[in-house]
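Step one of this worksheet: look at the structure below.
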Amino acid sequence: MSEELAPRLDPRAIEPALYKAWEEGGYFHVPASAVSEDGREPYVIVIPPPNVTDRLHVGHGLNNTVQDVLIRWRRMQGRASLWVPGTDHAGIATQNVIERQLAAEGLRKDDLGREKFVERVWEFVGETGGTILEQLKAIGASCDWSRTRFTLDDDLQVAVREVFVSLYEKDLVYRGEYIINWCPRCLTALSNEEAEGEETQGSLWHLRYPLSEAAADAARSAAEAGAEAIGQLEDGRWYLTVSTTRPETMLGDTGVAVYPSDERYQALIGADVVLPLSGRSIPIVADRHVDPEFGSGMVKVTPAHDRNDFEIAGRTGLELLDVMTPDAKMGEGAPEAFRGLDRFDARKAVLAALAEEGLVAGQEDHTLSVPHCYRCHTVVEPRLSEQWFVSMKPLAEPALEASRDGTITFTPSHWKRVYEHWMENIQDWCISRQLWWGHRIPVWYCACGEQIVARVDPTECPKCGSSDLEQDPDVLDTWFSSQLWPFSVFGWPKESEDLDVFYPGHVLSTAPEILFFWVARMIMMGYEFQGETPFTQVYLHGTVRDMKGRKMSKSLGNGIDPLRVVEEFGADAMRYTLISQAAVGTDISLDHEDVESAFANGRNFANKIWNAGRFALMSLGDAPVRPIASVADDMALEDRWMLSRLELAASEATRSLERFRLHDVAEGLYHFFWGEICDWYLELVKTRLRPEADEATREAARSTLVTVLDQAFRLLHPIVPFVTAELWSRLPWPEGAERPEDLIIAPWPTADEGWRDEDVERRMSDFQSLIVEVRRLRKEYGVPDAQRIGVHLLGGPDGFTDGIVGQLAVFEQLARVDRVEMSAPSGVGAHAVLPNGGEIIIPLEGVIDVERERTRMRTEIERLDGLVMGVEKRLANDKFVANAPEEVVQKERDKAAQMGDQASKLREKLAGLEA
RNA sequence: GGGCGCUUAGCUCAGCUUGGUUAGAGCACCUGCCUUACAAGCAGGGGGUCGGGGGUUCGAGUCCCUCAGCGCCCACCA
């Protein structure tokens, strides 16, 4: 502590150097031997790998701060605390970025060809990939960087193949032609999770389909029987009515369905309909999927463009007719007049053509959920297509059980139900993607018809011996590789000490958005391939939103750049601000238009810590510090109080961390440091620390101060690592005590020193209320700050006034008092009664407005009387006394007595004033 | 259509699991202070019928029912 510290914290001056020192000190690196040889208990978090192309946004800031807080805390607890970093190749997202780049150059991906395109992506990823990991360092993330992985690394590719082939061998991966979600812009299949429904205001059109001549009699009798959906056109033809929200799909209709036992239409089952615009004859079939209560009770069936219709066709044998091209234009199967039209133009054209023929029966407003591509937001088109799927039901069983039996816990707990509901209703997962960037599907096709699914690229067909094999052109859904992340990062399927030691991990921290995409699938894969869960605690934090409650996003332009926040206010300020708002289960809102005030709280706190540390270091000086135990006899009330509060703060912080109550940890420590250490302790010991103070009392204060700051910095370190580390390293150290090498590994306070002392806390509380009351009276009567006053103290519990005598010096300083007397003053004065019954009277002849003082006292008496009355009413209630716990009743009695006492003292005083 | 969550000070939110001091915090606001750690600060203060209604209870912000408003998730009603 030789150099002067700046009066204002400059994070840029300390943060980069500290981070570098930690990294070089090897504190982030955890080899397997740390566990296997040292016997330390592991604590493992595997990072949710951000997309390689990502830049750090405030959501990452929050998620990674949460993880870092947990990792740093456990590290200080002596755990082998490992945080594995890495990035995800993010199939569609990354491919889209490159495609946009190409578009800017006037190119399309086909101009390059697959190989060149993939090369180009690798090049891009090589240049910018991992930028986000570098950015994580700026916020202080203490990852084991030596373990950084990428989901497309060679050995992770081995893992992906092993899983695909192994699932195939277990009949859990299959290929088939089904209706899948198709993005006509990305030109790829999507999983159900990747098709995000969005409430949209659309229309429901009612269309008339003419029936064949042969069905006329059946139609007439149905109409006469009251079937409203059946009618007669002007030209005499009979028609039926169907409804749709997507009229263009009618071009692909291959049937009309009714509920099997729907009496209205029994006669029509088997009859033909003449599909308008196409002129094709399509049959009326019976299928249980139809809800006879809805609409006309008749449904147009478009098997190639609707999932339900596809299933109806499967049951009834209706034809599949694809009328669209991959980019969602009307195609081959559609009547010539419509070919080449975009689906939405075709919708208008179809409606116009139908209207011309008098076949549009009506249109009504209809809100429906329209699926959009989660990457490019294009409306997803259900499409008949041959794809690879994972059969999920068998995989879900152990993953569901793990939640039910509590092996895995969710914080906040309500996500447990959401997770279980999804698992219970799980659908098969479409995993093939018509993209170039990703894990290529390890399947080869031979001209002889053989399909080869292999871990290693085959050179010849095992059936016909041909070497003319073609690999499946598709890649796997990006989540197929990220679901293996908790064990693929440790080298699986190779056996390794890392895997033995660090799997399973402990906490998975992420946003709820990817609960199904990722978290659920990791759990399933963990059970399938490791036989146990990949982690036991799932912590789902809130979303960062702007002041209007909108999610922060690039497209809305309402984001906050966390690197700018770090640059301007420091990583500590950002971390504290985010964590202090991260109450379990709630979103965080920050004002993107006023970043300074959004992070002011964190910045101010970091600065407060800095200044308190600066003051302490200056006051402590270089002289040796005595061990805390050796100064116990010389301690003042505030020293004992401070140590007692320290122990309370430590145990509360630990308890909150264990329950992921990070918001409580942050606020609790904020209050402890600012409200107790700074506002009270430092003020109380200021004079005792001066060189001219009595040696014994000075040394007791010095030892206590060093102890409390050392411990407070440890408690604060996980949240605000930089400012605490900088100050901690400069703290003088008690003689004979062992000094940890760095704050980052200093043992976490255990709060078991036996410093808690309720009597001390109560006495201190009396003393604090005395000071606050004097200050309040001074203010109330307008006594200038500079003016010293005299104070008379009366009454209070036994020992109260004696205690004050011991604290006279600080009392005089903190309350700006120059005389304290234990007697009643002769003249009038400002009067107050303390909670413990003690009375304060400040003689202020000439200053006091007697009338005002009376009014004030009357108001106070009234307030107290009201309270006492309430309490007495409760005490008079036999049921209360009988039912309430003993201590509650006792508290009420004490309260009544205490307030009654205060009131009567005021009354006495008031009488005196009035006389 | 199901499921879940939210509604507490001007703003953002704690507190509800396990009912029991006079309901808290940060920011904002008002007043006085550049008191040699800190004006990004210090000291003091104002501000809430805990969304409406009903119920259980000696006692409800907390538990139950109900209504209203907001939000999220899931779902194949054409």
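Every chain is numbered from 1 and lettered A, B, ... according to where its sequence line falls, protein lines coming before strand lines.
Across all strands shown, Asp679(A) has heavy atoms under 4.0 Å from sugar-phosphate atoms exclusively, and none from any base. Within the nucleic acid shown, His671(A) has no heavy atom closer than 4.0 Å to any nucleic acid atom. Residue contacts shown for Arg417(A) are limited to sugar-phosphate atoms, with no base heavy atom under 4.0 Å away. At a threshold of 4.0 angstrom between heavy atoms, the contacts of Arg545(A) with the nucleic acid are absent.
In RNA chain B, runs of at least 3 consecutive Watson-Crick or G-U pairs, each pair with both distances below 3.5 Å, span B:1-7 with B:68-74, B:10-13 with B:24-27, B:29-33 with B:41-45, B:51-55 with B:63-67.
Shown here are the side-chain contact (heavy atoms from CB on, under 4.5 Å) partners of Ala304(A), two or more places apart in sequence or in another chain: Asp322(A), Leu384(A).
Distances shown here put a side-chain N or O of Trp674(A) below 4.0 Å from the OP1 or OP2 atom of C42(B). Distances shown here put every side-chain N or O of Arg307(A) at or beyond 4.0 Å from the OP1 or OP2 atom of A75(B).
No donor-acceptor contact under 3.5 Å links the side chain of Lys879(A) to the base of U57(B). A donor-acceptor contact under 3.5 Å is formed by the side chain of Glu683(A) with the base of A37(B). With hydrogens and angles ignored, no donor-acceptor pair under 3.5 angstrom links the side chain of Arg775(A) to the base of A43(B).
Across C58(B), A78(B), A43(B), the shortest atom-to-atom separation from the side chain of His289(A) is found for A78(B). Of the candidates U31(B), C38(B), C58(B), the closest approach to any side-chain atom of Asn883(A) belongs to C58(B).
Within residues 600-610 of chain A, the residues approaching RNA chain B are Asn601(A), Arg603(A), Asn604(A), Asn607(A), Lys608(A), by heavy-atom distance under 4.0 Å.
Between Glu667(A) and His414(A), the residue anchored nearer the 5' end of RNA chain B, judged by the nucleotide with its closest heavy atom, is His414(A). Residue whose closest nucleotide on RNA chain B sits further toward the 5' end, between Phe615(A) and Ile771(A): Phe615(A).
Inspection of the Glu196(A) and Tyr374(A) side chains reveals no N or O donor paired with an N or O acceptor under 3.5 Å.
Rounded to whole Å, the distance from CG on Leu682(A) to C1' on G41(B) is 14 Å.
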